[in-house]
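Atoms within a ligand are numbered from 1 in the order they appear, just like the ligands themselves. Each residue takes its place number in the sequence, starting with 1.
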Amino acid sequence: MISDQDIIGKVLYEDADHKFIWLGTEQRYRKGLIQTMQYLIIDRGRGILLDPGGVHLFSRVVAALSRYISIDKIDYIFFSHQDPDVSSGIALWLGVTKAKVYVSKLWTRFLPHFGIVDPERVLGIEDKGGSLSLPSGAELRFVPAHFMHSCGQFNLWDSRAKILFTGDIGAAVFGEGDETVFADDFDQHMKLVEGFHARYIANNAVARKWCGMVERLNPDMIAPQHGAIYRGKSVKQFLAWLSNLRCGTDLVDQIYGS
Ligand SMILES: [Fe+2]
Ligand SMILES: [Fe+2]
């Protein structure tokens with residue numbers, strides 16, 4: 001069970017110039033609403049916010065990040081993909097910050113449907129990815145994760161912290177009493193992970209390709225948008241598990257009920 005201390009977040013990596021912060025989770029288990037997690041990178045006092053979420057989370061995320069940085073120092077907001085639990089608060093965020101948004105170029109024309117958005121502030125990422133240099137010289141990389149699940153999706157690799165933010169990849173769907181901050185009890189955690197991945201990830205071929213790429217990055221942590229954070233041996237266990245998963249179109253007969 002997650003504690004009151006954990007629910008408000010944790011610094012996952014810290015050095016003199018650079019921090020990678022988990023901003024906690026909005027609530028304990030609530031039926032009918034997927035739990036989400038937000039993250040903040042601070043580099044020499046400037047901020048990058050990852051998947052800040054929808055309208056109903058806005059005040060909680062503002063309060064959480066304000067413990068670490070003033071909101072006018074957020075320079076960039078990264079959206080892993082277009083889903084409402086990731087990006088439907090965009091108009092509010094662009095209203096209270098001067099930040100620019102990075103998202104797959106496939107979604108730049110869809111985001112304004114969440115509200116009034118200045119297109120000049122939405123930067124489309126090309127399919128093969130890209131990078132962003134931070135004031136300390138640290139680099140953030142937009143790592144392709146297409147079809148995992150969205151057809152235009154990116155992970156964010158923080159090369160200084162050695163943390164990969166994966167959006168929905170690695171997501172768990174908690175039931176009441178299942179919440180943990182870290183996925184240290186791997187076998188138990190996979191029971192909360194398998195259903196989502198079997199249906200939402202496009203197929204095993206793309207899962208394998210993604211796992212091979214992530215193995216080469218060799219992250220210390222995998223930080224998803226839902227569920228719990230992978231660290232230590234659970235990182236490699238998760239990659240091994242996912243590269244062998246039959247999912248999506250591999251299960252098309254089962255899904256259609258042939
Ligand atoms: Fe999603
Ligand atoms: Fe999500």
Side-chain angles (χ1 to χ4, degrees), residues 2 7 9 22-40 48-58 60-61 64 77-90 92-93 101-111 113-114 122 124-125 127 129 142-157 163-175 178-181 183 189-190 192-203 206-207 210 214 221-230 238 242 245 247-249 251 255:
I2 204 161
I7 219 159
W22 170 59
L23 291 176
T25 183
E26 70 269 30
Q27 62 200 351
R28 295 177 187 281
Y29 172 75
R30 202 168 100 200
K31 206 170 179 176
L33 187 69
I34 185 124
Q35 164 262 16
T36 65
M37 304 193 286
Q38 296 75 35
Y39 301 89
L40 170 69
I48 301 99
L49 188 56
L50 315 184
D51 281 7
V55 173
H56 73 288
L57 295 185
F58 179 73
R60 188 193 71 76
V61 179
I77 296 171
F78 171 78
F79 289 146
S80 58
H81 63 299
Q82 82 292 359
D83 272 350
D85 60 321
V86 169
S87 58
S88 64
I90 184 171
L92 292 172
W93 284 107
V101 166
Y102 277 107
V103 68
S104 161
K105 67 175 185 180
L106 270 59
W107 302 122
T108 53
R109 289 181 296 164
F110 289 77
L111 291 182
H113 284 274
F114 287 134
V122 180
I125 310 170
D127 277 347
F142 308 125
V143 176
H146 310 306
F147 307 107
M148 301 280 292
H149 65 93
S150 170
C151 59
Q153 177 144 342
F154 288 93
N155 296 163
L156 191 89
W157 171 236
I163 298 174
L164 183 68
F165 170 65
T166 53
D168 287 336
I169 307 168
V173 181
F174 288 136
D178 287 336
E179 301 112 317
T180 56
V181 178
H189 194 67
M190 284 306 101
L192 311 175
V193 165
E194 181 161 8
F196 172 80
H197 289 69
R199 179 57 196 266
Y200 281 68
I201 302 295
N203 51 49
V206 74
W210 181 86
V214 175
M221 290 189 197
I222 287 178
Q225 190 216 359
H226 312 277
I229 298 161
Y230 301 79
F238 175 67
L242 184 56
L245 184 72
C247 50
T249 56
L251 306 174
I255 293 165

Backbone of G227 reached by a side-chain donor or acceptor of Q35 within 3.5 Å: yes
Is there a donor-acceptor pair under 3.5 Å between the side chain of Q225 and the backbone N or O of D85? yes
The test is ring-ring contact (aromatic ring centres under 6.0 Å, His included); show your working for H189 and F238 and say whether it passes. CA-CA 10 Å; H189 194 67; F238 175 67; 8.8 Å; no
Apply the test ring-ring contact (aromatic ring centres under 6.0 Å, His included) to residues F78 and F142: give CA-CA distance (whole Å), side-chain angles for both, the deciding distance (0.1 Å), then the verdict. CA-CA 9 Å; F78 171 78; F142 308 125; 5.7 Å; yes
Is atom CZ of F114 surrounded by more than 12 heavy atoms (other residues, nucleotides or ligands) closer than 6.0 Å?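 Check passes, neighbour count above 12.
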Tell me the protein N, O or S atoms under 2.8 Å from the Fe ion (ligand 1), in chain and number order.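 Hits for the Fe ion (ligand 1) below 2.8 Å: H81 NE2, D83 OD2, H149 NE2, D168 OD2.
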For this output row, return yes or no: ring centroids of H81 and F154 closer than 6.0 angstrom. no
